[in-house]
Amino acid sequence: MIKQILGKLPRKPSKSSSSNGSNHNEVSPLNSNSNSYGVTNSSNNSKGLGNTGKIMLNSTSSGTSQVTSNGNHVPVKPNQGKKTVRLNGQVGPSVMNPVLSYEVLPSFRDVPSAEKQNLLIRKLQMCCVLFDFGDPTKNLKEKDVKRQTLLELVDYISAVNSKFNEVTMQELTKMVAANLFRTLPSFNHDNGLLDMFDPEEDEPTMEPSWPHLQVVYELLLRFVASSETDAKLAKRYIDHSFVLKLLELFDSEDQREREYLKTILHQVYGKFMVHRPFIRKAINNIFYRFIFETEKHRGIAELLEILGSIINGFALPLKEEHKLFLVRALIPLHKPKCVAMYHHQLMYCITQFVEKDFKLADTVIRGLLKYWPVTNSGKEVMFLGELEEVLEATQAAEFQRCMVPLFRQIGRCLNSSHFQVAERALFLWNNGHIINLIIQNRKVILHIIFPLLEKNTRGHWNQAVQSLTLNVRKIFSDADQALFDECLEKFQEDEINNKETQERRELTWKRLEDVAASNFVSNEAVLVSRYASSVVIANSAN
């Protein structure tokens, strides 16, 4: 009897069932300090959204939920009928039930203004689902639906006229992270294929999922650049972790992706002032690893392009931090063999520093001389071009500090057997500012390079180099004929002395050979005096 009465009483739900129910039907808590960009559900139940198909969304709990046409969440048993969707070999942060249809949600134009916020969240969550672009025949309809939804989100973000709230920012950054942040292929780093890659001849690898990635990048760009994005609120979600993951993507092989990343990071740097020191430090670390460890990275040119704009905005006087960045990161970037891939952007950054503070010219020039190539003629031509840009911004005092080692190196280039190196070095005398610096210090410089100029005029194999050398000789003779004649006379004396020294050396060797030939059967040592004309025979017994 008692059992029958107790059986009719309502039972208290168990903890497990209670927790499962809450995971499916309650709003996920918003953590403003979270650094995780996984995809979670938010139960923004919408009304009056029309008859649409069921959408399968990801959940951080052990179960998942379906969003039905009326916006209600219906619990689904975990791992029932799920299919993990992969992108580029990586497991995506969300899954899609192949049984359910993946259909487009209603347009923002078709719902009341009060429901647009809920619809925005649902569309953002819908776009967290990833598809396999390795197989172009799979999920064609779903891929097109997602792309159209992303395009609609881009239009909505661009046209919005009210501040984005925290829920929107959280869901948008999660959607961006789910689509963009992935492990890039590493075969170039492992097998050294980057060394064989020629950006001018070889076709770069294109990202197969670019039809979706491009729209996601555009959405992120418009969100960051929007005047409706409150930087103080958005920095909770576009935080250090988010910025680091963006920087990691600069190693992508797809040039189109790196261009978007460059623009977005520049916008982030401009909008989030609190992140500026961190961004500069993170870029420094990428450079250090590239210079001193791997010498392999696809995005150095784009990062330098961003830094060129940043350096241009540095306030004067320059901070010590910025000068250390020049010495420790920018100047050593001349060392890697693949410097040609980013030299134009590097040269711009270097010249920006010299134009900001002309006293840095001596540091830059000595840094160039430190990393000056020995056997790479193409790299030498690039260095000479950069040297001209730096000298054009150099003042007389800084020029005098480094002119002796500088023109010893230029002299070696003048006398190079590679005609392009010699020609590019001679082109320095076409620059009016550099000529003025040289003429002001001609008494030091002409003594260094005059012997090399004379060797060019007498014996260089290239006719163009000989002609340019004669023009340079004429510039010096017109500027100071007495000094020119003095250098010519000293060169002729040195030439006679060198000839006499060479003749004495050859005569000494000849005598040594004769003595060795006459005593080849004996055990006597032969001692040749350095200055005496006779050969002294020293008995080995003594």
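The basis for the numbers below is simple: all heavy atoms, side chains too, and nothing from hydrogens, waters or symmetry mates. Owing to the predicted nature of the structure, the values given are computational and were not obtained by experimental measurement.
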Is Leu333 close to Ile291 at the side-chain level, that is, under 4.5 Å between some pair of heavy atoms? yes
How many angstroms lie between atom NE2 of His334 and atom CG of Leu368, to the nearest 0.5 angstrom? 4.5 Å
Does either side chain, that of Glu389 or that of Tyr348, offer a donor lying less than 3.5 Å from an acceptor on the other one? no
Test: Glu295 and Lys335 ion pair at under 4.0 Å: no
Approximate separation, where rounding is to 0.5 Å, of Leu488 CG and Glu493 CD: 10.0 Å
With no hydrogens and no angle check, is any side-chain donor or acceptor of Asn462 less than 3.5 Å from a backbone partner on Phe419? no
Decide ring pair (Phe, Tyr, Trp, His ring centres under 6.0 Å) for Phe164 and Phe223; before the verdict, give the C-alpha distance in whole Å, the side-chain angles of both, and the deciding distance to 0.1 Å. CA-CA 9 Å; Phe164 296 109; Phe223 171 72; 5.4 Å; yes
Would you say the side chains of Asp155 and Ser158 form a donor-acceptor pair under 3.5 Å? no
Decide, yes or no, whether a salt bridge links Glu257 with Arg298 under the criterion of side-chain N to carboxylate O below 4.0 Å. no
Ile238 CD1 to Gln267 CD distance, which is reported to the nearest 0.5 Å: 11.0 Å
Answer yes if the side chains of Glu218 and Tyr260 hold a donor-acceptor pair under 3.5 Å, and no otherwise. yes
Is a donor from one side chain sitting under 3.5 angstrom from an acceptor on the other, for His266 and Ser309? yes
Could you check if a side-chain atom of Arg258 sits within less than 4.5 angstrom of a side-chain atom of Gln255, using non-hydrogen atoms only? yes
Asn284 side chain to Ala329 backbone, donor-acceptor under 3.5 Å: no
Out of the candidates His418, Glu380, Glu388, only one should pair with Arg424 under the side-chain hydrogen bond (donor to acceptor under 3.5 Å, both in side chains) rule; please name it. Glu388
Does any pair with a residue in residues 271-281 pass salt bridge (charged side-chain N to carboxylate O under 4.0 Å, His left out), and if so which ones, sequence neighbours excluded? Arg280-Glu321
Begin with the C-alpha distance, continue with both residues' side-chain angles, and end with the deciding distance and a verdict on salt bridge (charged side-chain N to carboxylate O under 4.0 Å, His left out) for Glu248 and Lys245. CA-CA 5 Å; Glu248 289 174 5; Lys245 290 180 182 296; 5.5 Å; no
Pair Leu120-Leu153, side-chain contact (heavy atoms from CB on, under 4.5 Å): steps then yes or no: CA-CA 8 Å; Leu120 172 63; Leu153 287 170; 3.4 Å; yes
Of the non-hydrogen atoms in Leu172 and Leu124, which two are nearest, and what is the gap between them? N-CD1, 3.9 Å
Side-chain donor-acceptor pairs under 3.5 Å in residues 478-485, sequence neighbours left out?
residue	atom	partner	partner atom	Å
Asp478	OD2	Lys474	NZ	3.0
Asp480	OD1	Ala482	N	3.4
Asp480	OD1	Leu483	N	3.0
Asp480	OD2	Arg442	NE	3.1
Gln481	NE2	Asp485	OD1	2.8

side-chain contact (heavy atoms from CB on, under 4.5 Å), that's the test. Do Asn497 and Glu500 meet it? Break it down for me. CA-CA 5 Å; Asn497 292 336; Glu500 291 177 353; 4.2 Å; yes
Of the non-hydrogen atoms in Ala178 and Cys128, which two are nearest, and what is the gap between them? CB-O, 4.3 Å
For the side chain of Ser467 and the backbone of Gln463, is there at least one donor-acceptor N/O pair under 3.5 Å apart? no
Would you find a donor on one side and an acceptor on the other, under 3.5 Å apart, between the side chain of Asn312 and the backbone of Gly308? no
Can you tell me how far CG of Asn430 sits from CG of Asn471, rounded to the nearest 0.5 angstrom? 8.5 Å
Just how far is it from atom CE of Met175 to atom OG1 of Thr149, taken to the nearest 0.5 Å? 10.0 Å
Shortest non-hydrogen contact from Val390 to Thr394? O-OG1, 2.7 Å
Relative to each other, are the rings of Phe407 and Trp429 parallel, tilted or perpendicular (30° and 60° limits)? perpendicular
Could you tell me whether Arg401 and Glu398 have a side-chain N and a carboxylate O separated by less than 4.0 Å? yes
Neighbour count >12 (heavy atoms, 6.0 Å) for atom NZ, Lys370: no
I want to check something: taking the side chain as every heavy atom from C-beta on, are Ile448 and Arg408 in contact at a cut-off of under 4.5 Å? yes
With no hydrogens and no angle check, is any side-chain donor or acceptor of His212 less than 3.5 Å from a backbone partner on Lys143? yes
Write down the atom of Ala234, the atom of Thr229, and the distance for their closest heavy-atom approach. CB-CG2, 3.8 Å
Less than 4.5 Å apart, any side-chain heavy atom of Leu414 and any of Val472? no
Can you confirm whether Leu303 sits close enough to Phe287 that some side-chain heavy atom of one is under 4.5 Å from a side-chain heavy atom of the other? yes
Just how far is it from atom CG of Leu219 to atom CD1 of Ile157, taken to the nearest 0.5 Å? 5.5 Å
So is Lys123 actually on top of Phe108's ring, under 6.0 Å and inside 45° of the axis? yes
Describe, in one word, how the ring planes of Phe314 and His322 are oriented to each other, choosing from parallel (under 30°), tilted (30 to 60°) and perpendicular (over 60°). parallel
Please verify the inter-ring angle class for Phe383 with His343; under 30° counts as parallel, over 60° as perpendicular, anything in between as tilted. parallel
His240 vs His275, test: side-chain contact (heavy atoms from CB on, under 4.5 Å). Steps then yes/no. CA-CA 7 Å; His240 289 180; His275 291 338; 3.5 Å; yes
Below 4.5 Å, heavy atoms only, C-beta onward: do Met206 and Arg256 meet side chain to side chain? yes
Heavy-atom pair of closest approach, residues Ile475 and Ile435: CD1-CD1, 4.4 Å
Side-chain heavy-atom pair Leu330, Leu304 within 4.5 angstrom cut-off: yes
Please verify the inter-ring angle class for Tyr217 with Trp210; under 30° counts as parallel, over 60° as perpendicular, anything in between as tilted. tilted
I want to check something: taking the side chain as every heavy atom from C-beta on, are Asn431 and Leu391 in contact at a cut-off of under 4.5 Å? no
Go through the steps to decide whether Ile286 and Phe250 satisfy the test side-chain contact (heavy atoms from CB on, under 4.5 Å), and finish with yes or no. CA-CA 10 Å; Ile286 292 175; Phe250 272 89; 5.9 Å; no
Keeping Lys356 on the side-chain end and Thr351 on the backbone end, is there a donor-acceptor pair under 3.5 Å? no
Would you check, one step at a time, whether the test side-chain hydrogen bond (donor to acceptor under 3.5 Å, both in side chains) holds for Glu506 with Gln502? CA-CA 6 Å; Glu506 291 176 357; Gln502 181 65 22; 3.2 Å; yes
Any donor and acceptor pair, going by atom type alone, linking the side chain of Glu166 with main-chain N or O of Leu233 inside 3.5 Å? no
Considering non-hydrogen atoms only, spot the tightest contact between Leu437 and Ala396 and give its length. CD2-CA, 3.9 Å
